[in-house]
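Structure record follows, encoded as structure tokens.
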Amino acid sequence: MIRSLSIFLVLLAGSAFAQSSRPATQWIVDPNTKCKVANATPSAAETITWSGACKDGYAEGKGVAQWFKAKKATQKKYDGEMSGGFMNGQGVFTQSNGDRLEGTFKDGSLNGPGKATWFNKNKYEGQWKDGYPNGTGTYIWADGKRYTGEWVNGKQNGDGDFKFANGDHYVGQMKDGLMSGRGKFTWADGNVYIGEFRNDKANGQGTVRLYAVAVSHTGVFKDGCLKDGDEVVAINQTPMACAVKLEK
């Protein structure tokens, strides 16, 4: 007998952590006050106004930096604290494409607690380091997927909870944005896999429980495949593909 199950895991596709881990090396100058503001994403024919104070020629303290193009205000705007011309402290930065970053900035990048909403309506709220999610946080996709857990350098690493729009649910360990380590995957129809994962596939000791027929299969999985007596269990692939893998 052949049993086939499907896991479809889509992690950070379509997201954009549009920040640099280094301070900007280009500057833009308010033509009226001659005050400099770091400009990490320069564009041709941009101008700027800065409403706050200047210190040694650089934006300092609280204020609003508004970018213009052809003398018209654009979406690109920073409202918050500055130091040495860089976003430093609490603030909100909206980029020209509509991306919105809010929280604690250090040298132009989010560091500490913060949140982002991207132009594609994906969202993240949690801890940041040098412009990337680091620590614990929640990422929500526009289509309804949600991941809550640990992050390292913008990728899911550590323990996490991933809920899918179709009702599937994964709770377990992640490595570089993939299911790797111990975990539990529950399909919307009630079927469950509990065991070891590697690179988004069942690899190692595990158990599949089939809800509808009240049957379990336990053994050592190989890339989502298990031979249990005369039965083959295939996860996210064709039974024929599993048969080939298990023969090797």
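All values below come from the heavy atoms of this structure, side chains included, with hydrogens, waters and symmetry mates left out.
If you chain together hydrophobic residues whose side chains sit under 4.5 Å apart, Val92 and Met87 never meet in one group. Cluster annotation: Phe197 and Val220 are assigned to distinct hydrophobic clusters (Ile/Leu/Val/Met/Phe/Trp/Tyr, side-chain heavy-atom contacts under 4.5 Å, transitive). In terms of hydrophobic clustering, with Ile, Leu, Val, Met, Phe, Trp and Tyr side chains grouped at heavy-atom distances under 4.5 Å, Ile48 and Val29 are assigned to different clusters.
Each of Thr94, Thr41, Asn39, Thr74 was checked for a side chain to side chain donor-acceptor pair (under 3.5 Å) with Trp67, and the lone residue meeting it is Asn39. No option in Trp187, Phe221, Phe185 other than Phe221 meets the ring-ring contact (aromatic ring centres under 6.0 Å, His included) test with Tyr193.
Note on residues 47-64: no pairs pass side-chain hydrogen bond (donor to acceptor under 3.5 Å, both in side chains), not counting sequence neighbours. Screening residues 78-91 for side-chain hydrogen bond (donor to acceptor under 3.5 Å, both in side chains), with sequence neighbours left out, gives Gln90-Thr104.
Across every non-hydrogen atom of Ser109 and Gly131, the tightest pair is CB-N, 3.6 Å. Ala59 and Met82 make their closest contact through O-CB, 3.7 Å (heavy atoms, listed as atom of the first residue, atom of the second, distance). Considering every non-hydrogen atom in both Lys184 and Ile194, the closest pair reads CG-CG1, 3.7 Å. Contact between Ala142 and Lys121 at its shortest, heavy atoms only, is CB-CB, 3.7 Å. Residues Met179 and Tyr170 come closest through the heavy atom pair SD-CD1, 3.4 Å.
In this structure a side-chain-to-backbone donor-acceptor pair under 3.5 Å is missing from Asp99 to Leu101. Distance alone, capped at 3.5 Å, is enough to place a donor-acceptor pair between the Asn191 side chain and the Tyr211 backbone. Between the side chain of Thr238 and the backbone N or O of Ala241 there is at least one donor-acceptor pair closer than 3.5 Å. The main-chain N or O of Asp228 is never found under 3.5 Å from a side-chain atom of Glu231 such that the two would form a donor-acceptor pair. With hydrogens and angles disregarded, a donor-acceptor distance shorter than 3.5 Å links the side chain of Lys227 to the backbone of Gly229. Lys34 contributes a side-chain N or O that, together with a main-chain N or O of Pro31, makes up a donor-acceptor pair within less than 3.5 Å. No side-chain donor-acceptor contact under 3.5 Å links Asn203 to the backbone of Lys222. At distances below 3.5 Å, at least one donor-acceptor pair connects side-chain atoms of Gln66 with backbone N or O atoms of Lys76. Listed for the Asp161 side chain is no donor-acceptor partner under 3.5 Å among the backbone atoms of Val171.
With rounding to the nearest 0.5 angstrom, the OG1 atom of Thr136 is 7.5 Å from the CD atom of Glu150. Rounding to the nearest 0.5 Å gives a distance of 8.5 Å between OG1 of Thr117 and CD of Glu102. Summarising the geometry, atom CD belonging to Gln173 is positioned 14.0 Å from atom CZ belonging to Arg198; distances are rounded to the nearest 0.5 Å. Taking CG of Asn166 as the reference point, atom NZ of Lys145 lies at 9.5 Å (rounded to 0.5 Å). With rounding to the nearest 0.5 Å, the separation of CZ in Arg100 from NZ in Lys77 is 10.0 Å.
Contact check for Ser180 versus Met174: no side-chain heavy atoms found under the 4.5 Å cut-off. Looking only at side-chain heavy atoms (C-beta outward), Tyr124 and Trp118 come within less than 4.5 Å of each other. A heavy-atom distance below 4.5 Å is not found between the side chains of Gln127 and Pro133. Arg209 has its side chain out of reach of Val215: every pair of non-hydrogen atoms, C-beta onward, lies at least 4.5 Å apart. By the 4.5 Å heavy-atom criterion applied to side chains, Thr186 and Asp168 are not counted as neighbours. Here the side chains of Leu110 and Phe105 are in contact, with some heavy-atom distance below 4.5 Å. Here the side chains of Val152 and Asn134 are in contact, with some heavy-atom distance below 4.5 Å. Put simply, the side chain of Thr207 does not reach to within 4.5 Å of the side chain of His217, judged on heavy atoms.
Ionic pairing of Lys123 and Glu125 is not present here: no N-O contact between side-chain nitrogen and carboxylate oxygen is shorter than 4.0 angstrom.
Phe164 and Trp141 have their aromatic ring centers separated by at least 6.0 angstrom.
Every residue two or more places apart in sequence or in another chain that forms a side chain to side chain contact (heavy atoms under 4.5 Å, CB included) with Thr138 is listed here: Ile140, Arg146, Thr148.
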When you look at Glu46 and Ile28, which way does the side chain to side chain contact (heavy atoms under 4.5 Å, CB included) test go after all the steps? CA-CA 8 Å; Glu46 277 187 324; Ile28 188 167; 3.9 Å; yes
